[in-house]
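One structure below.
Counting convention: from 1, in listed order, for ligands and their atoms alike. Heads up: numbering here begins at 1 and tracks the sequence.
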Amino acid sequence: MSGSPPHPALRALRITNPAQVAALLREGRWLGGVGYQAPQADAAPMTTGVGFRRLSANADELDGWAAGPGIRHDELGPVRWHTDGQWLFGAYDSTPEQAEAGLAELAQQAYTGIFGALEAAGTPHLVRLWNYLPAINREQSGLERYRQFNLGRQQAFLDARRDAFAGAPAACALGTHDDGVFRVRFLAGRTPPRPLENPRQVPAWRYPSEFGPRTPTFSRAVLLPVCAGQLTLLISGTASIVGSASVHPGDVKAQTEETLRNLEAVIGAAHERGSARFELPSMTCTIYVRHATDVEEVRRRFEAAVGADSHAAHQAIYLQADICRGDLLVEIEAHATAPGELA
Ligand code: 3EB
């Protein structure tokens, strides 16, 4: 890998001060990000908020990406993006009416549009996607809306001859209750990331059909060389699933502990695929809790695992969100960058 490090560097930032975004924009280094405040017109380009109920004081921070310099804006149909030619952060927003009508065809259209944008921009390789689905668990026309989304998403990957199974990007899919807009945010690059699976779980793209007619298109994590000698680990939304089954129904403590074991297992998988060393206490986490009343219990378990004084404990953002299976009460995603090379 040391022969051709990707340039320029990609940096993950948890932004506490909006002035940071303004400064990065002026320098041509702001790629984009996800904020968790109420949806509003972009405060800065590519930073539209997603309206979750915030359960921690730091939840007005935003998860952003910087690269460049020389970042430019472009758009194609309903997809818009920022790119420096090496890295790309993009956004798709439906109308509320489109999302209300159903998510199968809409997800297929959205992803087809995203793939077209990635080809046009010359950054074809998806790294990470963030999917925000209004009424994710609602049954509609005989199929739960999350399962509708899985149908359309997988079909778009197949139509575009992209890896819908092994080799899929990292992702999360959360349910929103804000303005009814189906949103997708995505990070892509000129070179493919290394996908990772969790040895405790069946790959999501191989789930049995009891979880829906088409399987979810995501890997448990990706390892991404972001500049010479640095790897970023992006762990997808991780929940209380062992094999393919949700475990500990109704028990938020046990679900949180199972989720933490799954995160450790994915970190272990990363250690087999690269020399970078990651540990959960120094990762940046976003924690989604289905019931706001569970947040203190989840926080207690999380802080017991990572240490109350750790980076992970201080940085964790807690949000109320619906999770893609009705029996899941908590989901945690995490990322970090560390020195190392792919194995
Ligand atoms: C799971 O493991 C929990 O459909 O993109 C986590 C991360 C989940 C991503 C997605 C779904 C997705 O199946 C749900």
Are A204 and ligand 1 in contact, using a heavy-atom cut-off of under 4.0 Å?
->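 It does not, in that no heavy atom of A204 comes within the 4.0 Å cut-off of ligand 1.
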
Taking non-hydrogen atoms only, is Q201 closer than 4.0 angstrom to ligand 1 via side chain, backbone, both or neither?
->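 Neither; nothing of Q201 gets under 4.0 Å from ligand 1.
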
Indicate, as side chain, backbone, both or neither, the part of E333 found under 4.0 angstrom from ligand 1 when only non-hydrogen atoms are considered.
->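 Neither; no heavy atom under 4.0 Å.
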
Need the ligand 1 atom indices (1-based, order shown) with element for anything under 4.0 Å from a heavy-atom of [X].
| X | answer |
| --- | --- |
| I241 | 1 (C), 2 (O), 3 (C), 13 (O) |
| A171 | 5 (O), 7 (C), 9 (C) |
| R220 | 1 (C), 2 (O) |
| R153 | 4 (O), 5 (O), 10 (C) |
| C324 | 3 (C), 8 (C), 11 (C), 14 (C) |

W87 side chain near L224 side chain, heavy-atom distance below 4.5 Å =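 Counting from C-beta outward, W87 and L224 do come under 4.5 Å.
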
Does the side chain of L10 come within less than 4.5 Å of V127's, by heavy atoms?
->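 V127 does not reach L10 side chain to side chain.
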
Should the pair D294-K253 be classified as a salt bridge under the 4.0 Å nitrogen-to-oxygen rule?
->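 The answer is no: the pair does not qualify as a salt bridge.
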
Below 4.0 angstrom, N of the basic side chain to O of the carboxylate: do E119 and R162 qualify?
->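 Judged by the 4.0 Å cut-off on N to carboxylate O distance, E119 and R162 do form a salt bridge.
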
Begin with the C-alpha distance, continue with both residues' side-chain angles, and end with the deciding distance and a verdict on salt bridge (charged side-chain N to carboxylate O under 4.0 Å, His left out) for E258 and R200.
-> CA-CA 10 Å; E258 202 68 57; R200 305 181 77 239; 2.6 Å; yes

Atom 6 (C) of ligand 1: nearest protein contact (heavy atom, Å) =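 Of every protein heavy atom, G237 O, 3.2 Å lies nearest to atom 6 (C) of ligand 1.
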
How close does the nearest protein non-hydrogen atom get to atom 12 (C) of ligand 1, and which residue and atom is it?
->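 Of the protein heavy atoms, F218 CE2, 3.2 Å lies nearest.
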
Which of parallel (below 30°), tilted (30 to 60°) and perpendicular (above 60°) describes F182 and F149?
->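 Answer is perpendicular, since the angle exceeds 60°.
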
Can you tell me if Q255 uses its side chain to pair, donor with acceptor, with the backbone of A239 under 3.5 Å?
->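 Between the backbone of A239 and the side chain of Q255 there is no qualifying donor-acceptor contact (under 3.5 Å).
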
Given Y288, F211, Y207, Y146, which has its nearest heavy atom closest to atom 13 (O) of ligand 1?
->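 Shortest heavy-atom distance from atom 13 (O) of ligand 1: Y207.
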
Report yes if the distance between the aromatic ring centroids of F157 and F115 is under 6.0 Å, otherwise no.
->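 Yes: the rings meet the under 6.0 Å criterion.
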
